Amino acid sequence: MSEYTNPNLILETAKLEPGEVTWRSPSNLAIIKYWGKHGRQLPKNPSISLTLSSAFTDTKLEYKPKESGDNAISLKFFFHEEENEPFRQRLVGFLEGVKDIFPFLGQLDLTIHSGNSFPHSSGIASSASAMSALALCLCSLEDRFFETLDDDEEFDRKASYVARLGSGSACRSIYPVAALWGEYSEVPGSSDLYAVPMKEHIHETFQHFHDDILIVSSKPKKVGSSAGHNLMENNPFAEVRYADARRRLHFLLEAMKKGDLETFGNIAENEALTLHGLMMSGNPSYILMQPGTISVIDRIREYRAETGNPVYFSLDAGPNVHVLYPEDIIHEVRPFIEEELLPFCEESTWLQDWVGEGPVEL
Ligand code: PMV
């Protein structure tokens, strides 16, 4: 049972014409990280992220009245136009899990075509963009069939809630510029159940911020996010970590409001290293950083000391490095990345990304 359970959303399939809906949804980069969960995808601490632009997923959901009489999810899934059984199975599990929210899904034959803007297995996590795009498609279907989500705010909130059930971090991709997920007394309306938009609380500087993603390695991760979250249950530093994330969030929000790059950057870097520190201090312990990750981090810190340019790094749960900097120094930073950081990357691969305006229906 969920807060959005609605047994009334049942179709008269005899009248239903086949149709489709398509959404493009971006990835996001958490500055205060979500790491550790409980219950049904509920976070142990609040997190805040920047919404990205050029790393996105396009998802087309086609539907028609079901031919068989049962109520099970019927799904064909194509990733970059090829059938993909492991992804299909994961999505069937997710869609079965949200059938109490969207009971009409059991009445349809569904086909999903999905693709990412970034190369397949480039090492860029795609669950946030993929699950948010799918959640938006589901909300669009509900609205098309039942006209229940014509209020934009309610539409986004429900999409964020549903995206969260697919992948926690995906709930933050629904909103432009920045989003906060997790109940936090300083942000009215914040919730563990969905993210809330933060654009209005963010200084201009961060609204046009850059986040270039350097691919140090595109190999599949040794330990995935779900296992990583679970390992927090026995991590001896877990409770301190959750308290510290809340404490830092206060200072980060202040810095993001004022445009204080130094405080922002210091917190961003510390959060990234804390995330990896938690992985290294778990039992079993694991390391996702690669030698190239450390080399890039070192070089960024040296560059900052040498030039005074506010260039900072962040990491996701993987070896790749996000290079963060404001728009006004792009012409200095890009050559630095190309000349000095790309040699540490796999086949010099990187994705130029920046803070964006959130998902769009295509
Ligand atoms: O959404 P998940 O379950 O894949 O977890 C993502 C966790 C991090 O990306 C490491 C941090 C975050 O807040 O996005």
Side-chain angles (χ1 to χ4, degrees), residues 25-52 55 57 87 90-91 93-94 97 116 123-135 160-175 178-184 190 192-196 198 211 213 220-233 235 238 241-242 244-246 248-249 252 267-282 286-289 293 313-322 324 353 355:
S25 189
S27 189
N28 68 76
L29 172 75
I31 303 301
I32 299 287
K33 309 284 185 185
Y34 147 61
W35 199 240
K37 62 180 173 182
H38 65 103
R40 193 176 175 197
Q41 299 272 85
L42 298 168
K44 284 284 199 173
N45 63 265
S47 57
I48 186 169
S49 57
L50 295 173
T51 303
L52 299 179
T57 299
F87 283 3
R90 183 172 169 199
L91 290 178
F94 167 70
N116 296 334
I124 297 173
S126 57
S127 66
S129 53
M131 295 315 298
S132 54
L134 179 56
S160 180
Y161 180 101
V162 172
R164 184 198 103 232
L165 298 176
S167 168
S169 57
C171 74
R172 297 184 310 239
S173 278
I174 301 296
Y175 293 105
L180 179 136
W181 170 38
E183 204 176 325
Y184 192 58
S190 58
D192 284 355
L193 302 175
Y194 41 77
V196 293
M198 292 300 285
D211 174 359
I213 308 169
K221 288 185 270 187
K222 283 173 274 185
V223 181
S225 292
S226 302
H229 287 292
N230 290 340
L231 281 171
M232 282 299 280
E233 281 167 31
N235 189 301
R241 154 65 191 160
Y242 303 140
D244 201 45
R246 283 178 183 278
R248 275 183 183 162
L249 183 53
L252 182 73
I267 293 175
E269 292 194 348
N270 213 307
E271 273 291 303
L273 295 176
T274 299
L275 171 70
H276 285 259
L278 290 165
M279 296 170 189
M280 291 190 267
S281 57
Y286 62 107
I287 301 177
L288 296 184
M289 288 190 286
T293 313
F313 69 84
S314 182
L315 305 166
D316 258 332
N320 304 319
V321 184
H322 291 248
L324 303 169
D353 213 338
V355 169

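One-based numbering, in listed order, for ligands and for the atoms of each. All values below were derived from every heavy atom in this structure, side-chain atoms included, with hydrogens, water molecules and symmetry-related copies excluded. Not measured: the values here are computed from a predicted model.
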How far is [atom] from the closest protein heavy atom, and which atom is that?
atom	result
atom 6 (C) of ligand 1	S169 OG, 3.9 Å
atom 14 (O) of ligand 1	R172 NH2, 2.7 Å
atom 4 (O) of ligand 1	S225 OG, 3.3 Å

Any N/O of [X] closer than 3.5 Å to an N/O of ligand 1?
X	answer
K37	no
S47	no
W35	no
Y34	yes

(message) So, taking the atom named CH2 in W35 and the one named NE2 in H229, what distance separates them when rounded to the nearest 0.5 Å?
(response)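 Taking CH2 in W35 and NE2 in H229, the distance rounds to 5.0 Å.
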
(request) Please round to the nearest 0.5 Å and tell me the distance separating atom CZ of R241 and atom OG of S281. (result)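 Those atoms lie 11.0 Å apart.
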
(request) Report yes or no: does Q41 have a heavy atom closer than 4.0 Å to ligand 1? (result)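 It does not, in that no heavy atom of Q41 comes within the 4.0 Å cut-off of ligand 1.
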
State, with a plain yes or no, whether a side-chain heavy atom of [X] is found less than 4.5 Å away from one of [Y].
X	Y	result
M131	S173	no
C171	Y194	no
N320	L315	no
Y184	I48	no
M280	Y286	no

(request) Check the surroundings of atom CD1 in I287: do more than 12 heavy atoms from other residues, nucleotides or ligands lie under 6.0 Å from it? (result)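 Not buried by this count: 12 neighbours or fewer within 6.0 Å.
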
Near [X], which atoms of ligand 1 are under 4.0 Å from a heavy atom of that residue?
X	answer
G168	1 (O)
A30	12 (C), 13 (O), 14 (O)
S167	1 (O), 2 (P), 4 (O)
H229	2 (P), 3 (O), 5 (O)
D316	9 (O)

(message) Using a 6.0 Å distance limit plus a 45 degree cone around the ring axis, check whether R164 lies over the aromatic ring of Y161.
(response)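 Output yes; distance and angle both within limits.
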
